[in-house]
Amino acid sequence: MTETSYHFAETEGAEGAPLVFTFHGTGGNEQQFHDLPSRVLPGAHVISPRGDVSEHGALRYFRRRAEGLYDMADLTTRTEAMAGFIAHHKARVGAERVIGLGYSNGANILASVAFKHPELFSDLALLHPLIPWTPDPQPELAGTRVLVTA
């Protein structure tokens with residue numbers, strides 16, 4: 001998968017505004033949270049990729065074998081694909097502040113990307129993540145503002 005192969009919604013922002021990536025939950029789509037950042041951060045540049053995995057018709061960002069049992073090989077592959085997508089658009093937009101907002105499955109892919117590529121985000125909002133693996137310590141996340149809800 002290339003950095004531009006996801007279907008995504010985009011709302012261009014004001015010059016110098018934060019770039020916000022939103023990630024939907026299982027069964028959602030790129031519109032689920034797309035308008036939220038503009039309500040909280042007027043002028044924000046928002047990019048919302050659509051998950052490209054179908055689980056019985058419900059969109060997701062990576063496969064799972066059962067509830068709470070992830071296909072870890074697929075998660076690794078899709079984490080790198082999403083990191084490439086994010087890096088491409090971060091460079092294209094040129095924003096200094098980059099925020100990731102994810103819900104459920106979207107929070108899981110966002111957390112996976114952030115643990116592997118902490119340089120991509122300045123802020124993270126992980127809404128109801130389920131992370132059934134032990135991430136390696138990532139000291140580069142030390143300066144990142146993180147909100148986790150459960």
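For clarity, every value in this text was computed on a predicted model and none was experimentally measured. All heavy atoms count here, side chains included; hydrogens, waters and symmetry mates do not.
Under a hydrophobic-cluster definition in which Ile, Leu, Val, Met, Phe, Trp and Tyr are linked whenever side-chain heavy atoms come within less than 4.5 Å, directly or via other members, Leu75 and Leu120 are assigned to the same cluster. Under the 4.5 Å side-chain contact rule for hydrophobic residues, Phe8 and Val93 share a cluster. Linking ILVMFWY side-chain heavy atoms closer than 4.5 Å, directly or via other members, places Phe33 and Val146 in two distinct hydrophobic clusters. Placement of Met82 and Leu124 within a single hydrophobic cluster is found when ILVMFWY residues are connected by side-chain heavy-atom separations under 4.5 Å, directly or transitively. By the criterion of side-chain heavy atoms lying less than 4.5 angstrom apart, applied directly or through intervening Ile, Leu, Val, Met, Phe, Trp or Tyr residues, Leu130 is grouped together with Leu126 in one hydrophobic cluster.
Shortest non-hydrogen contact noted between Gly102 and Leu110 is N-CD2, 3.6 Å. Nearest heavy-atom pair across Tyr61 and Asn105 is N-OD1, 2.7 Å. Of all heavy-atom pairs between Ala107 and Pro129, the closest is CB-CB, 3.8 Å. Nearest heavy-atom pair, His128 versus Ala150, reported as atom, atom and distance to 0.1 Å: CE1-C, 3.3 Å. Taking both residues in full, the closest heavy atoms of Ala17 and Ala95 are given as O-CB, 3.8 Å, listed atom of the first, atom of the second, then distance. His89 and Leu19 get closest at one heavy-atom pair: O-CD2, 4.1 Å.
Between Ile99 and Leu41 there is a side-chain heavy-atom pair separated by less than 4.5 Å. Looking only at side-chain heavy atoms (C-beta outward), His34 and His24 stay at 4.5 Å or farther from each other. Contact annotation: the side chain of Tyr6 never approaches that of Arg50 to less than 4.5 Å [non-hydrogen atoms, C-beta and beyond]. Thr22 places a side-chain heavy atom less than 4.5 Å from the side chain of Pro37.
Panel note: side chain Gln32, backbone Gly25; a donor-acceptor pair is recorded below 3.5 Å. Although no hydrogens or angles enter the test, the distance criterion places a donor-acceptor pair under 3.5 Å between the side chain of Gln138 and the main chain of Phe115. Side-chain atoms of Asp74 never come within 3.5 Å of backbone atoms of Phe62 as a donor-acceptor pair (strictly under, hydrogens ignored). The backbone N or O of Val98 sits less than 3.5 Å from a side-chain atom of Ser122, completing a donor-acceptor pair.
The number of heavy-atom neighbours closer than 6.0 Å to NZ of Lys90, taken from other residues, nucleotides and ligands shown, is above 12. The neighbour count for Arg145 CZ, taken as heavy atoms of other residues, nucleotides or ligands under 6.0 Å away, is above 12.
One side chain, Glu10 or His45, offers a donor N or O that lies under 3.5 Å from an acceptor on the other. Under 3.5 Å, the side chains of Arg60 and Thr26 contain a donor-acceptor pair of N or O atoms.
With rounding to the nearest 0.5 Å, the separation of OG1 in Thr77 from CE in Met72 is 11.0 Å. Remark: Asp52 CG to Phe85 CZ distance equals 10.5 Å, nearest 0.5 Å. Put simply, CG on Leu59 and OG on Ser54 are 6.5 Å apart, with the number rounded to the nearest 0.5 Å. Rounding to the nearest 0.5 Å gives a distance of 6.5 Å between CD of Glu140 and CD of Glu119. To the nearest 0.5 Å, the span separating CG on Asp35 from OG1 on Thr11 amounts to 6.5 Å. The distance from atom OH of Tyr70 to atom OG1 of Thr76, rounded to the nearest 0.5 Å, is 13.0 Å.
Qualifying ring pair (Phe, Tyr, Trp, His ring centres under 6.0 Å) partners for Phe21, counting only residues two or more places apart in sequence or in other chains: none.
The only option from Arg64, Arg65, Arg78 that meets the salt bridge (Lys or Arg N to Asp or Glu O under 4.0 Å) definition with Asp71 turns out to be Arg65.
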Take Asp123 and Phe121, measure what side-chain contact (heavy atoms from CB on, under 4.5 Å) needs, and give me the verdict at the end.
CA-CA 6 Å; Asp123 307 81; Phe121 297 101; over 6 Å; no

